Undergrad: 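Dumping the structure here so I can ask a few things about it.
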Amino acid sequence: MEVTEKSGFYVYSDVELDKNEGIQIEALKTASQNSIPDPDRWLDEETQRNILLTSLDAILNWARRSSLWPVVCFPACCAFELIATAASRFDISRFGMEVIRASPRQADVMITAGTLTWKMAPNVRRIYEQMAEPKWVIAMGACAISGGTFAQSYSVVPGYNRIIPVDVYIPGCPPRPEALLHGIRMLHNKIAKQSIKQEAGK
Amino acid sequence: MVLKAEPFVVNLGPVHPSTHGVFRLRATLDGEVVVNIEPVIGYLHRGIEKLAEGRTYTQNIPFTDRLDYLASMSNNLAYCLAVEKLAGITVPERGDYLRVIMAELQRLASHLIAVGAFLNDCGAFMTPILYMLREREKILDHFEMVSGQRLTYAYMRIGGVSQDIPEEFLPALGKFVAGMPGYIDEYDGLIKENEIFLARTKGVGILPKDLAINISASGPVLRASGVKWDIRKADPYSVYDRFEFDIPTGTAGDCYDRYRVRVEEMRQSVRILQQAMAQIPKGKVRTEIPLTFRPPVGEAYGHVEAPKGELGFYLVSDGSIAPYRFHCRAPSLINLTALRDMMIGWKVADAIIIFGSIDICMGEVDR
Amino acid sequence: MTVALSGKEIAARLAKQFPGSIIEATGNTILVKADSLPEVAAFLKNAPDLSFDYLVSLTAVDYWDYFEVVYRLTSIPRNHSLVLKVRCQGRANLHLPSVTGLWRGADFQEREVYDLFGIAFDGHPNMKRIFMWEGFQGHPLRRDYL
Amino acid sequence: MKSKRIGLGILKGMAITLKNALRRPVTTQYPEEKLDVSRRTRGPEFIWDKEQCSGCMTCMRACPQGSIHIQTSGPGVVAAPCSQGCPAGINIPAYLRAIARGEPEEAVAVIREKIPFPIVCGRVCFHPCETKCQRAQIDEPVSIRVMKRYATDHDTGVWRERAKAAPPTGKKVAIIGAGPAGLTTAYYLARLGHAVTVFEALPEPGGMMHYGIPDYRLPKNELKADIDEIRALGVDIRTNTRVESVDKLLEQGYDAVFVALGAHDGMRIGVEGENSPGVMDCAYFLREVSLGKPVEVGERVAIIGGGNAAVDAARTALRLGGKKVVMLYRRTRAEMPANPEEVVAALDENIEIQFLVAPSRISVHEGELWLECIKMQLGAPDESGRRRPEPVKGSEFTLAFDTIIGAIGQRPDIPKELGLPVGRGNVIQAEVNTLATTKKGVFAGGDCVSGPASVIEAIAAGRRAAKSIDLYLGGTGIIDEKLAKPEAKEKPLTRATEDRRIHPPEVSAAERVKGFTEIEESLTEEEAVTEASRCLRCDFAYAVDEFLVDTGHCIFCGLCVESCPRHALFLGTDYEQAKYRRKELVTAKEAVTKTDKSKPSGFARPEVEETLPKQTLLLDRDKEKK
C-alpha cells in the first residue's frame with residue numbers, strides 16, 4: 001500500500017479491499033436465501049427436568065436475565081428510540097441493561113435497531129458470532145422483522161433472521177420505548193424457561 | 001529524535017459508537033496523525049429513490065420520514081413543497097403556520113441531538129446527551145400530540161397537514177417555548193467556556209469559507225465558515241417571510257464555531273416559534289385533494305433549510321400517479337465531502353470530534 | 001428570494017461565447033451538449049455577473065432513450081439560480097466530463113450517479129461505486145432494473 | 001418448591017433464599033407503569049369495527065406497504081347502517097335494489113317482512129334510517145322514505161301469495177287501542193294463528209295515524225288500505241268500544257291483553273286564562289278536525305310549541321281559514337323537535353315562527369284573545385342536553401289572536417279503573433324488552449308506555465309485543481317471515497360520483513293551503529330507479545370476516561385510518577392490549593419471503609392503477625369528531 005504526503009488530494013486505498021468486501025457480501029447473500037428458524041426450543045414445555053438442575057436453572061436464568069448487556073447495533077431510525085429508552089425517561093437500567101457495550105464479547109443480547117442492508121449484513125453476522133454464548137437477539141421494528149417498508153428494495157435484507165436467529169420480534173416503525181420494554185420483558189420470560197441441559201445439547 | 005513510523009490503515013466502523021450510525025472511515029495513520037481518510041458509505045442504502053418510483057405521491061410521505069429520521073418533519077415539508085410546486089396546490093394559511101411550527105420544533109430536536117452527540121464524541125460520555133434528550137422528549141410529546149408518533153410522523157400532507165392540532169397543543173407549546181431559552185442557556189453556560197471543550201474544539205477541523213462553498217456544504221457547516229446563506233432568508237418558502245429572525249454565522253469555521261452556530265440557531269428557532277404562535281390564524285389546515293392524484297407532466301424542485309442543511313426534493317412527473325423520478329438532495333451526504341479536508345493532519349481523537357461536528361444522519365447519507 | 005434566471009438569455013450569451021454548445025433553453029433550464037459541458041460550466045462559474053459558485057445538486061434521470069444529468073446551480077453572492085442539463089444517449093458505456101474540478105461538491109454526487117445509473121464521469125479522481133458494493137450487478141436506478 | 005420431596009434441609013433453605021431473591025422489584029413491572037400517552041398515539045394494535053366496515057378496500061389501496069389483508073366471504077352478511085337505524089329493522093338496501101331493478105312489488109315484500117304499514121310509513125315516517133345513510137359521507141343520503149312510497153304506489157300484492165297462514169292455535173288475545181302499536185301486534189299475532197280482537201274507543205281505527213296526522217300528509221283512504229290488510233287476516237276491530245277494565249277482559253276468556261292506548265291527552269299550557277273560549281289543545285283540535293266536526297278557527301291563530309304536532313296544527317289551522325298563523329317557541333330553531341322538513345314546508349306556507357318567546361297570560365278583550373308573552377334567552381344546558389330557556393326581564397309584550405292552540409306536548413290518558421301501574425309522566429310501567437306489566441298476561445306498549453313517539457317506534461313496540469305475547473302463549477316468538485324472493489349475488493357500490501338526492505314533486509305552497517289534498521306526489525319510474533341506484537349497498541359490501549394487518553410489515557403511518565370512509569379503522573392506543581404475537585409474526589414473515597420481488601409494492605403498478613377510482617374523497621374527520 002502506498003500513501004503519499006498530506007499535500008496530495010485524492011489518495012485512495014487499494015480497490016482490492018472493496019473487492020474482497022464485495023465477494024463476502026455476495027457469498028453471504030447467496031447463502032442466506034432462507035430464513036433461519038427461530039431458536040424456540042424453549043417453547044416445548046416440561047422436558048425431562050431433573051429437580052436439582054431445575055434449581056440450578058432458576059439461579060442461572062435469574063442471573064442471566066437480570067443483567068442483559070446489549071451490544072451496539074444501531075443502523076437506522078430505531079436507534080433513536082433505543083437511545084430514548086436508555087435515557088432517563090424510560091430508563092432501561094431498571095432491567096440491568098444500561099451498559100450498552102461497544103464490544104460484542106461483553107454482551108448477551110443484540111437489539112437490532114434498524115434496517116439491515118446486504119452491505120451491512122456480514123458485519124452484523126460477525127458481531128453476532130463474536131458474542132459469547134448464551135446470546136439472544138431482539139428484532140426491533142418492522143425492518144428487523146421483515147424489511148418493513150423497504151422489503152422490496154434491491155439492497156435490503158428482508159428480516160434479520162436471514163442472517164442470525166431471532167428470539168423476540170417487536171413490531172412498530174419504530175416501536176415506542178414502551179413496546180421495546182415489553183419486548184425485553186418477553187425475552188426475560190423466555191430466558192427464565194431455558195435449561196442448561198438444552199444448551200449442552202445444542 | 002524522530003521516530004519514523006510505518007503508515008497503517010485503521011477501520012473506524014461501520015459499527016462504532018461514535019460514527020452516528022453505520023458509517024465507515026478508512027483512515028490511514030502515521031502514528032496518531034491522520035494522513036489520509038476515505039469515507040465508505042452505503043451501509044444503510046435502502047434504495048428509497050427506487051422504491052418511491054413505485055408508490056403514489058401520498059404514499060411516499062412515510063419514506064421521507066425515514067430519510068433523516070432525526071428531522072422527519074423537515075423532510076415531510078420539503079417533499080410536500082416539491083409536490084405542491086409540481087401540481088400547483090396551495091396550502092391554507094393555518095396549514096402553513098403549523099408546518100413552520102413543526103419544522104422549527106424539529107430543528108430544536110435535531111440540534112439537541114447534534115450538540116449532545118457532539119459532546120459525547122468530545123468525551124463527555126452520556127451526561128450531556130441525557131440532558132439534551134430530556135428536552136427532546138418534551139418536543140416529541142408535542143409531535144405525538146399532533147401526529148401520534150414519536151419519530152416518524154407522516155404528519156404533513158400534500159396540501160397542508162393531516163389534521164388540526166388538538167386544543168391543548170398551543171398552551172403546552174407555549175409553556176415549552178417559554179422554558180426553552182433557559183435550558184439553552186443552562187447548557188451553553190456549562191459548555192461554552194469549559195477549558196477542556198475549548199482546548200479540544202477551537203481551531204480544530206477548520207473549513208475555510210471558499211472551500212465550504214466549493215464543496216457545496218450547507219446548513220450550520222456552511223454558516224460556521226462565515227457564509228450567510230439560509231434558505232429561509234435566501235429563498236423564503238411557506239410563511240417564513242413573515243418572521244423576524246437572525247442567521248448566526250461563524251468566523252473561523254472550526255468545530256467550536258459549528259457548535260456555537262447550532263446553539264444560536266436553537267435560540268432563533270424559539271424566536272420563530274414565539275412569533276408563529278402569536279400569529280397563527282384559524283381556519284382549515286389542508287386543501288382537500290384526492291388520495292391518488294395525477295400532477296401534470298413536468299418537474300419541480302422544492303427545498304427547505306433542514307436542520308442539517310439544504311434539503312431538496314427533485315421530482316419528475318410523467319403524469320401518472322407515481323413520481324417518475326424522486327431525487328433527494330441530502331445535506332448530510334454533501335457535507336461529508338468536506339470531511340477529508342477537515343481531518344487530514346489531525347490526530348485520531350480529533351478526527352472523531354470533527355466528524356461529530358458535521359452532524360450527519362446516515363439515513364439521509366445513504367438513502 | 002432566489003431569482004431563477006431566464007434560460008433563454010443565458011443561452012443566447014453562451015451561444016455567442018461557445019457556438020453550437022446549446023441545444024435548447026426553456027424556463028430557467030439550459031440543455032448543453034456533453035462535449036462543451038466543461039467550458040460552459042467554467043464560464044458560468046467564473047463570469048463575474050453570473051458567478052455560479054454553488055452546485056446545489058447533481059442528479060440524473062433515465063428517459064429510456066437517453067439519460068439526462070441535471071446540475072442545479074446557485075450563486076451565493078448574487079442569489080440567483082440556473083439549471084444545467086446534459087444528455088447522454090444510449091444505455092451502455094456512458095461517459096460525461098466531470099465537474100469536480102470546478103465544484104468539488106460534485107464528488108460524491110457524481111459517484112452516486114455512476115453507481116445508480118452507470119454514467120461514468122471522466123476526470124473524476126475516484127470513480128467507483130459509492131452505495132453498492134464492488135461486484136454488484138447492474139445499476140439500480142435505471143428504469144429497466146427491477 | 002420441589003425440594004420438599006428431596007427432604008434435604010439445606011436445599012429447602014436455599015429455596016427460600018432463592019424465592020426471595022427472585023422476587024422482582026416493583027419498578028420493573030411493565031406495563032403497570034403507565035406513561036402519559038397522547039390520545040393520538042398510533043399504538044401497536046389496530047382496532048377494526050366490523051359493524052362499520054363495508055369491505056370497500058380503500059384502506060388496502062391507501063396502504064403503502066400492502067400489509068392489509070381482508071378476508072371476505074360472500075356478500076350480504078352485514079346489517080347496513082340504515083337497517084340498524086330503523087327501529088323495525090327493515091332491510092333497506094334490499095328494497096332499494098329491488099326498486100333499482102324495476103321490481104317495486106318485490107320492494108313491498110321486503111318492507112312487509114318487518115312492518116304491516118308500508119303505505120303509512122312511506123308517507124309519514126321520520127326516517128331515522130336516512131340520518132344513518134352512508135351516502136351522506138359522499139354527497140347526500142338516499143331518499144329512503146320516498147322510495148318506500150314509490151314501492152307501495154306500484155304494489156301488485158305479490159307478497160300475499162308468499163305469506164303463509166299458521167293454523168289456529170285456539171288462543172284469544174285482546175288488544176286495547178287500534179293505533180300503530182296495537183294493530184301491528186294484532187297483525188303478527190293473527191299471522192301466528194291467534195284469534196285477535198282489537199277494541200277501539202273512537203269511531204275509526206288507526207289511532208294517531210288517523211286522528212293526529214292531517215289528510216294532506218296521509219290521506220285517510222291510504223291508511224284504510226293498510227288497515228284493510230290487517231282486517232283481511234281475520235282481526236276483529238271493534239270501534240266505538242271503550243274497555244273499562246283489563247280484569248274483565250281476562251275473565252271473558254282472553255288469554256292475553258295488550259294495552260296500547262296511545263297518548264291522546266294534550267298538556268295544558270299552564271298560564272292564567274287558558275280556559276278562555278278560543279283556547280284549545282292541539283290533540284283535541286286535530287282529533288275534532290279528523291272526525292269532521294266543525295272547528296271554529298279565527299283569522300289570527302297562535303300555536304304554542306315547536307313539536308311535530310304543533311306544526312301539524314298550524315298547517316291545519318291555515319287550511320281551516322286562518323289568515324295569519326303564528327307559532328311561538330321558547331327555544332331556537334336548532335332546538336326545535338319538529339322534523340326539519342315539516343318546518344320548511346310550514347315556512348313555505350307563510351306560517352310565521354317566533355323563536356325565544358313564551359306565553360305568560362291569556363286574557364279576553366272585546367272578542368279577541370290577548371296573549372301576553374315574554375322574550376327568552378338560552379341558558380345552561382339541562383339534563384336533556386338542550387339549553388334551558390330563561391326569561392329576559394322587562395321584555396314582555398302582547399299579541400292579539402282569535403284562536404290559541406297549545407301544542408306543548410301530549411301524554412297518555414290512563415283510566416284508573418283499568419287497574420295498571422302508572423308511573424311518572426302518566427305512562428304505564430312495563431318491562432323494556434318483553435313489554436310485560438306486573439299483571440300476568442297483560443302487556444303494554446307504544447306511546448302509552450314510552451310517551452309520545454313516532455309511528456315507526458310504535459310499530460317497533462308492536463313487534464316486540466307480538467314476540468313476547470306469542471312466547472307467553474306458548475309459541476316460538478318468531479314473527480319474521482320470508483316474503484321477498486332471494487336475490488342474485490351483487491357487488492357493493494364502491495365508486496360513487498357526487499350526486500344530489502331526488503326530492504319528490506310537491507304541490508305548490510299557494511295551491512296546497514286551499515285544502516287537505518295530499519302534498520307530496522309520487523316519483524316517476526326513472527327518477528325512482530336513479531335514486532335507488534344511489535344506494536351504496538352497504539349490506540352487500542363484502543362481508544369482511546377477518547381483517548389482518550401484517551404488523552411485521554406495517555409502518556404505522558396512519559394512511560389507512562385516514563382513508564377509511566366509514567371510520568371503521570383505528571390505530572389503538574391501549575398498550576396493555578398490545579400483543580406481540582411471536583408465532584403469528586413468524587408465519588407472516590414466511591409469506592414475505594415468498595413475495596414476488598419483481599413487482600414493486602404499493603399500487604402504482606400499471607395493472608393495478610387501472611382499477612383505482614379516479615377520485616377518492618378525503619374526509620375532514622376532525623369536523624366529524626367535534
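A note on names: the letters A, B, ... follow the listed sequences, proteins ahead of strands, and every chain is numbered from 1. Quick caveat: nothing in here was measured; it's all calculated off a predicted structure.
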Undergrad: Can you confirm whether B/Y131 is buried at OH, in the sense that more than 12 heavy atoms of other residues, nucleotides or ligands lie under 6.0 Å from that atom?
TA: no
Undergrad: So, for B/Q59 and D/L559, which heavy atoms are closest and what is the spacing to 0.1 Å?
TA: CA-CD1, 4.1 Å
Undergrad: Measure the SG-CZ distance between D/C557 and B/F63 for me, rounded to the nearest 0.5 Å.
TA: 10.5 Å
Undergrad: Under 4.5 Å heavy-atom distance to chain D, tell me which part of B/R66 shows up: side chain, backbone, both or neither.
TA: side chain
Undergrad: For B/D68, what residues pass the salt bridge (Lys or Arg N to Asp or Glu O under 4.0 Å) criterion, not counting sequence neighbours?
TA: B/K308
